[in-house]
Amino acid sequence: MIVLGVLTRRRRSLPKASVVIFASTAAVLVAYGFLVAFVIKPPPLGWIGFAIVSMVILGLAALAPLAFERTRVSALRPADSVDRQTRLLVVADSHCDESALCEEILARLGDASVVHAVVPVRVSHLHFLTDDENRERHYARQSMLRTVALLREQAAAATGSVGSDKPLESMTDALGSFPATRVLLAIPPEQESYWLERSLLAKARRLTRIPVTQVVVPSTATPTAGHSAGRSAQLSSRRPT
């Protein structure tokens with residue numbers, strides 16, 4: 001409830017910040033307009049250019065706080081482990097193929113006793129204008145549930161959750177409650193990756209002292225039906241008897 005309240009207050013503060021910046025920018029442009037009118041006295045074509053530039057500046061001023069909020073991450077204090085068990089935190093793009101993702105997780109599981117898979121919500125650059133994430137959150141939840149189910153079929157102790165629309169924030173939030181000893185970032189191929197996943201590994205390593213690795217996993221749109229069936233067969237063959 002506390003976390004939900006913080007997120008709610010953060011969202012409510014965004015419109016206020018946008019209004020303040022927009023109003024301040026508009027005031028500066030109006031003052032500059034008076035200066036141009038009485039000192040420079042441009043021709044009509046000059047006023048058209050001034051109007052176009054002013055519209056662009058006002059648009060950027062309105063969107064700047066929202067864009068900044070989408071990329072800012074405040075790292076939480078990592079949860080402390082009460083035992084010596086190793087735990088793997090997986091932050092996976094919702095477009096990653098779940099069968100291929102499970103293969104990669106199992107290959108890197110090692111002596112980890114528990115896996116926690118976090119699937120961030122994937123939204124577009126301009127999605128914050130509508131602020132409706134129901135469909136994207138549902139998609140992320142389904143991807144998380146399939147991943148956890150496949151891991152449990154392989155006798156892996158696995159849990160999962162849906163993260164925010166910021167992969168790095170999803171990671172730090174999870175580390176605040178899950179005492180991971182290692183972190184694995186799973187992203188699809190570069191041409192299909194999320195825009196907030198650029199340079200994700202380097203940014204993640206700056207936010208935590210826990211070892212962080214990254215793996216590229218085929219997206220759900222990449223593999224063919226036969227390829228997917230082959231992966232399912234491989235997973236089944238690894239199932240303990």
Side-chain angles (χ1 to χ4, degrees), residues 78-79 81-122 133-165 167-189 192-194 197 200-201 204 208 210-241:
S81 177
V82 296
D83 51 43
R84 295 185 178 181
Q85 291 182 325
T86 56
R87 297 175 175 85
L88 177 63
L89 173 65
V90 179
V91 182
D93 189 295
S94 60
H95 284 198
C96 288
D97 179 77
E98 291 85 6
S99 297
L101 174 61
C102 287
E103 282 189 357
E104 296 291 352
I105 294 174
L106 292 171
R108 291 165 173 76
L109 194 57
D111 58 349
S113 57
V114 182
V115 179
H116 184 74
V118 178
V119 179
V121 176
R122 199 187 222 254
E133 299 178 356
N134 291 336
R135 188 167 66 91
E136 289 84 355
R137 184 167 294 277
H138 174 76
Y139 191 91
R141 176 176 173 77
Q142 292 304 309
S143 177
M144 179 271 293
L145 290 175
R146 287 192 293 267
T147 300
V148 171
L150 287 171
L151 287 172
R152 288 176 177 175
E153 287 180 5
Q154 301 302 310
T159 57
S161 62
V162 175
S164 70
D165 57 356
L168 291 174
E169 183 179 75
S170 298
M171 181 193 76
T172 56
D173 284 351
L175 288 175
S177 57
F178 180 74
T181 54
R182 289 183 286 129
V183 177
L184 175 64
L185 307 176
I187 62 173
E192 300 175 26
S193 63
Y194 187 28
E197 291 171 344
L200 186 63
L201 180 59
T208 180
I210 299 172
V212 182
T213 56
Q214 181 174 288
V215 61
V216 176
V217 179
S219 74
T220 51
T222 301
T224 62
H227 185 61
S228 297
R231 288 191 178 277
S232 299
Q234 291 174 7
L235 280 175
S236 298
S237 66
R238 297 175 66 172
R239 195 172 300 169
T241 56

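Just so you know, these numbers come straight off a predicted model, no measurement behind them.
Remark: L201 engages L185, R205, V212, Q214 in a side chain to side chain contact (heavy atoms under 4.5 Å, CB included) (not counting sequence neighbours). By the side-chain hydrogen bond (donor to acceptor under 3.5 Å, both in side chains) test, R108 pairs with E104, sequence neighbours left out. Applying the side-chain hydrogen bond (donor to acceptor under 3.5 Å, both in side chains) test to S161 and every residue at least two apart in sequence or in another chain returns H116. Among residues two or more places apart in sequence or in another chain, the side-chain hydrogen bond (donor to acceptor under 3.5 Å, both in side chains) test is passed with S143 by E98. When the side-chain hydrogen bond (donor to acceptor under 3.5 Å, both in side chains) test is applied to S113, no partner is found at least two apart in sequence or on another chain.
Note that the CZ atom of R87 and the CZ atom of F178 stand 6.5 Å from one another [nearest 0.5 Å]. Atoms CD1 and CE, on I210 and M171 in that order, are 8.0 Å from each other to the nearest 0.5 Å. Taking CG of L101 as the reference point, atom CG of L106 lies at 9.5 Å (rounded to 0.5 Å). Here CG of L145 is found 11.0 Å from CG of L150. Values are rounded to the nearest 0.5 Å. If you take OG on S94 and NE2 on H138, they are separated by 12.0 Å, rounding to the nearest 0.5 Å. Note that CG of L109 and CG of L151 are 8.0 Å apart. Values are rounded to the nearest 0.5 Å.
Panel note: side chain T86, backbone D111; a donor-acceptor pair is recorded below 3.5 Å. Put simply, the side chain of R152 gets close to the backbone of A158: a donor and an acceptor are under 3.5 Å apart. The backbone N or O of V119 sits nowhere less than 3.5 Å from a side-chain atom of R141 that would complete a donor-acceptor pair. No donor-acceptor distance shorter than 3.5 angstrom exists from the side chain of T208 to the backbone of A204, with no hydrogens or angles considered.
Among all heavy-atom pairs drawn from R182 and A112, the shortest one is NH2-CB, 3.4 Å. Closest approach of P120 and P167 over heavy atoms only: CG-CA, 4.0 Å. Contact between T220 and C96 at its shortest, heavy atoms only, is CG2-O, 3.7 Å. Across all their heavy atoms, S193 and P188 have their closest contact at CA-CG, 3.7 Å.
Here the side chains of H95 and R122 are in contact, with some heavy-atom distance below 4.5 Å. Side-chain contact between V183 and L175 is present, with at least one heavy-atom pair separated by less than 4.5 Å.
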Determine whether T159 and V148 satisfy the following criterion, side chain to side chain contact (heavy atoms under 4.5 Å, CB included), listing intermediate values before the conclusion.
CA-CA 6 Å; T159 57; V148 171; 5.9 Å; no

